[in-house]
**Q** 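After the structure tokens below, expect a handful of questions from me.
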Amino acid sequence: MGITKSNKVSQRAVIKQIMKRCTRIVKKESFGEFEEGLPMDVPRGHFAVYVGENRTRYIVPISYLGNPQFQSLLQQAEEEFGFDHGSGLSIPCDEEVFEYVASMIN
């Protein structure tokens, strides 16, 4: 199954949207401005995702956003949840699958 041009455009849009959000968060953290609910335990250059049925929290580096396998997970998240559901970035896959993808990226 190949990636069509419309899928590539969609992936770029998703990545752009996430990068904008991450950039805004990093800027606010660097000026000491924390929004209500913004996790203070996430190191600079990382973001939190929630994975699986139990919504297990993982802290991942922003560099993951450029990885095609991670982009595929983000596209699934967009299709299933959208990005404005107000409860953090949720990845709709089993924890084992997420951990496998993360290990392949490292």
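Note that the numbering runs from 1 along the sequence shown for the chain.
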**Q** Run the side chain to side chain contact (heavy atoms under 4.5 Å, CB included) test on Phe47 and Val60 for me, step by step, so that the C-alpha distance in whole Å, both residues' side-chain angles and the decisive distance to 0.1 Å come before the verdict.
**A** CA-CA 6 Å; Phe47 62 101; Val60 297; 3.5 Å; yes

**Q** Starting at CD of Glu78, measure out to CD of Gln76 and round the result to the nearest 0.5 Å.
**A** 11.5 Å

**Q** Considering all heavy atoms of both residues, which atom of Ala48 and which atom of Leu89 are nearest to each other, and what is their separation?
**A** O-CB, 4.1 Å

**Q** Among residues at least two apart in sequence or on other chains, which ones pass side chain to side chain donor-acceptor pair (under 3.5 Å) with Thr56?
**A** Glu95

**Q** Please report the closest heavy-atom contact between Ser90 and Ala77, naming both atoms and the distance.
**A** O-CB, 3.1 Å

**Q** Is Glu96 close to Val101 at the side-chain level, that is, under 4.5 Å between some pair of heavy atoms?
**A** no

**Q** Is the ring pair Tyr58/Phe98 parallel, tilted or perpendicular, if the boundaries are 30 and 60 degrees?
**A** tilted

**Q** Using every non-hydrogen atom in the two residues, find where Ile62 and His46 come nearest and quote the distance to one decimal.
**A** CG1-N, 4.0 Å

**Q** Under the side chain to side chain donor-acceptor pair (under 3.5 Å) test, which residues partner Glu80, sequence neighbours left out?
**A** none

**Q** Specify the closest pair of heavy atoms between Phe70 and Ile105, including all atoms of both residues, with the distance to one decimal.
**A** CB-CD1, 3.9 Å

**Q** Please name the pair of heavy atoms, one in Val51 and one in Cys93, separated by the smallest distance, quoted to 0.1 Å.
**A** CG1-O, 3.5 Å

**Q** The criterion is side-chain contact (heavy atoms from CB on, under 4.5 Å); which residues satisfy it with Glu79, sequence neighbours excluded?
**A** Gln75

**Q** Under the side chain to side chain donor-acceptor pair (under 3.5 Å) rule, collect the residues that match up with Gln69, sequence neighbours excluded.
**A** Asn67

**Q** Could you check whether any side-chain N or O of Gln71 sits under 3.5 Å from a backbone N or O of Leu65, counting only pairs where one atom can act as donor and the other as acceptor?
**A** yes

